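Next up is a structure, given as structure tokens.
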Protein chains: 2
Amino acid sequence: MGITKTEHFSKAQLEIAAMAKAIGHPARVAIIQYLLTVDSCICGDIVNELPLAQPTVSQHLKELKMAGLIKGNIEGNAICYCIEEKSLEKLQSFFGAILKKLEKKTTNKCC
Amino acid sequence: MGITKTEHFSKAQLEIAAMAKAIGHPARVAIIQYLLTVDSCICGDIVNELPLAQPTVSQHLKELKMAGLIKGNIEGNAICYCIEEKSLEKLQSFFGAILKKLEKKTTNKCC
DNA sequence: TTTTAATATTGCAATATTACGATATAAATT
DNA sequence: AATTTATATCGTAATATTGCAATATTAAAA
């Protein structure tokens with residue numbers, strides 16, 4: 001069907017999944033990494049940094065924005081994109097919590 | 001086209017994207033969380049824990065396995081699934097590195 | 001050895017994603 | 001005002017994902 005049964009999952013599960021899904025494409029990983037290298041988040045040429053056409057990049061940016069991973073400020077005729085720190089913190093603490101739980105059960109490993 | 005231009009991205013970017021993509025579905029988030037609650041990774045009834053049919057769950061498990069996030073051990077006629085710690089560590093350090101870089105550029109924020 | 005239990009695979013329908021050309025929009029520049 | 005620059009949106013083709021019924025597989029249990 002290609003449709004996810006969202007109603008059966010918790011809000012937290014849906015949120016983590018949505019953010020992870022947004023990162024789940026190499027172009028979007030590259031966009032995030034590029035946003036980290038530009039110092040003042042003076043944006044602009046994200047398109048030139050990627051091996052993809054402008055509409056495709058625009059679409060990827062939209063998905064990152066909708067997942068709350070980046071935000072954009074209009075600066076004249078350009079748009080300044082930045083990473084949304086809060087969402088990345090959520091992801092890190094999700095994985096941090098998992099690793100913490102894993103360490104607690106070192107006694108009972110079967111694989 | 002629905003096809004990703006993988007050849008233009010780095011191995012690291014592809015790996016992070018693949019792992020994130022695997023977590024990018026609420027059922028797979030739920031599976032990971034469930035695997036954390038069972039103490040001895042005596043598996044079995046993951047199907048009963050999820051609001052999805054058995055073939056669907058099996059498919060999600062396969063994707064998690066292919067992304068290297070979980071591993072499965074055959075135990076008689078059942079299969080014991082566990083979380084692959086290394087891959088989660090990779091993800092956490094990816095996000096950790098991002099947050100570290102973000103903290104370094106607090107002076108030049110525009111959004 | 002037949003049955004049961006646990007999981008995987010196949011096949012398929014519905015929907016989502018990826019990519020891009022064409023076009024639209026909107027502000028800066030000339 | 002016309003042009004340029006930066007980005008978004010539309011439309012569409014190719015492919016991927018999600019979900020499940022039906023069926024296969026494989027090992028334990030009866």
Side-chain angles (χ1 to χ4, degrees), chain A residues 1-9 13-14 17-18 20-31 34-35 38 41-67 70-82 110-111, chain B residues 1-9 13-14 17-18 20-31 34-35 38 41-67 70-82 110-111:
Chain A
M1 295 170 182
I3 193 163
T4 298
K5 288 186 147 185
T6 53
E7 68 277 13
H8 297 295
F9 299 99
Q13 287 169 337
L14 290 170
K21 190 177 182 180
I23 300 174
H25 189 288
R28 296 194 288 266
V29 172
I31 287 172
Y34 179 63
L35 285 180
V38 276
C41 70
I42 288 163
C43 312
D45 47 9
I46 301 178
V47 173
N48 305 320
E49 284 292 316
L50 292 175
L52 296 168
Q54 179 268 323
T56 309
V57 174
S58 186
Q59 200 173 266
H60 282 305
L61 286 166
K62 193 181 179 182
E63 268 168 72
L64 286 169
K65 212 177 354 178
M66 287 197 304
I70 63 171
K71 54 189 164 181
N73 256 23
I74 297 170
E75 300 248 331
N77 66 337
I79 290 186
C80 164
Y81 279 111
C82 311
C110 75
C111 9
Chain B
M1 299 173 183
I3 191 162
T4 298
K5 289 185 148 185
T6 52
E7 67 277 13
H8 297 295
F9 299 101
Q13 287 168 337
L14 291 170
K21 191 178 182 181
I23 300 174
H25 190 289
R28 296 194 288 263
V29 172
I31 287 172
Y34 178 63
L35 285 181
V38 275
C41 67
I42 288 163
C43 316
D45 48 10
I46 299 176
V47 172
N48 305 322
E49 283 293 315
L50 292 174
L52 296 168
Q54 180 269 323
T56 309
V57 174
S58 185
Q59 198 173 267
H60 282 305
L61 286 167
K62 192 180 179 183
E63 269 169 72
L64 286 170
K65 213 179 349 178
M66 286 198 303
I70 64 172
K71 54 190 164 181
N73 257 22
I74 298 170
E75 302 247 332
N77 66 338
I79 290 188
C80 163
Y81 280 111
C82 312
C110 77
C111 8

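Keep in mind it's a predicted model, so treat the numbers as computed, not measured. Numbered from 1 within each chain, the chains take letters A, B, ... in sequence-line order.
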Quiz prompt | Closest heavy-atom pair and its distance - Ala67(B), Ala22(B) | solution =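 Taking Ala67(B) first and Ala22(B) second, the nearest heavy atoms are CB-CB, 3.5 Å.
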Quiz item: Residues in side-chain contact (heavy atoms from CB on, under 4.5 Å) with Gln13(A), at least two apart?
Solution: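 Once residues adjacent in sequence are excluded, the partners of Gln13(A) under the side-chain contact (heavy atoms from CB on, under 4.5 Å) criterion are Phe9(A), Ser10(A), Val29(B), Ala30(B), Gln33(B).
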Quiz item: Is any N or O donor-acceptor pair between the side chain of Gln54(B) and the base of dA6(C) shorter than 3.5 Å?
Solution: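 Side chain to base: no pair present.
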Quiz item: What is the distance, rounded to the nearest whole Å, between atom CD of Glu49(B) and atom P of dA6(C)?
Solution: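 So the two atoms are 14 Å apart, to the nearest Å.
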Quiz item: Looking at dA6(C), dA8(C), dG19(D), which one has an atom nearest to any side-chain atom of Thr56(B)?
Solution: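 Output: dG19(D).
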Quiz prompt | Separation of dA6(C) P from Tyr81(B) OH (nearest whole Å) | solution =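 Distance check: Tyr81(B) OH to dA6(C) P gives 15 Å.
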Quiz item: Given atom CG of Leu61(B) and atom C1' of dT7(C), what is their separation to the nearest angstrom?
Solution: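 Computing the Leu61(B):CG to dT7(C):C1' distance gives 9 Å.
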Quiz item: How do Lys62(A) and Lys21(A) order along DNA chain D: which one's closest nucleotide is nearer the 5' end?
Solution: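 Mapping each residue to its closest nucleotide by heavy atoms, the 5'-most match is Lys62(A).
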Quiz item: Between atom CZ in Phe9(A) and atom C1' in dG19(D), what is the gap in whole Å?
Solution: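 Going from CZ in Phe9(A) over to C1' in dG19(D) covers 11 Å.
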Quiz item: Among dG19(D), dA19(C), dA8(D), which nucleotide sits nearest the side chain of His25(A)?
Solution: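 Minimum distance to the His25(A) side chain belongs to dA19(C).
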Practice problem: For the residue pair His60(A) and Leu52(A), establish whether any side-chain heavy-atom pair is separated by less than 4.5 Å. | Solution: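 Result yes, sub-4.5 Å side-chain heavy-atom pair found.
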Self-check item: Distance in angstrom units between Glu7(B) CD and dA19(C) C1', rounded
Solution: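 Value for this atom pair: 12 Å.
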Quiz item: To the side chain of Leu52(B), which of dA8(D), dC20(D), dA19(C) is closest?
Solution: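 Per side-chain heavy atoms of Leu52(B), the pick is dC20(D).
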Quiz item: Counting any heavy atom closer than 4.0 Å, what does Gln59(B) reach on the DNA or RNA strands: base, sugar-phosphate only, or nothing?
Solution: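 Here Gln59(B) touches the bases of the nucleic acid.
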Practice problem: Counting heavy atoms from C-beta on, name the nucleotide in dT9(C), dA8(D), dA19(C) closest to the side chain of His60(A). | Solution: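 In terms of side-chain proximity for His60(A), the closest of dT9(C), dA8(D), dA19(C) is dA19(C).
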Practice problem: Nearest whole angstrom, please: distance from the C1' of dA6(D) to the CG of Asn73(A). | Solution: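 Result: 15 Å.
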Quiz item: Does any non-hydrogen side-chain atom of Ile70(B) lie less than 4.5 Å from one of Lys65(B)?
Solution: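 Sidechains of Ile70(B) and Lys65(B): in contact.
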Quiz prompt | Considering all heavy atoms, the nearest Cys82(A)-Leu35(A) contact | solution =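 Answer, listing the atom of Cys82(A) first, then Leu35(A): C-CD1, 4.2 Å.
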Exercise. May I have the distance from Glu63(A) (atom CD) to dT17(D) (atom C1'), rounded to whole angstrom?
Key: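 So the CD-C1' distance, Glu63(A) to dT17(D), works out to 14 Å.
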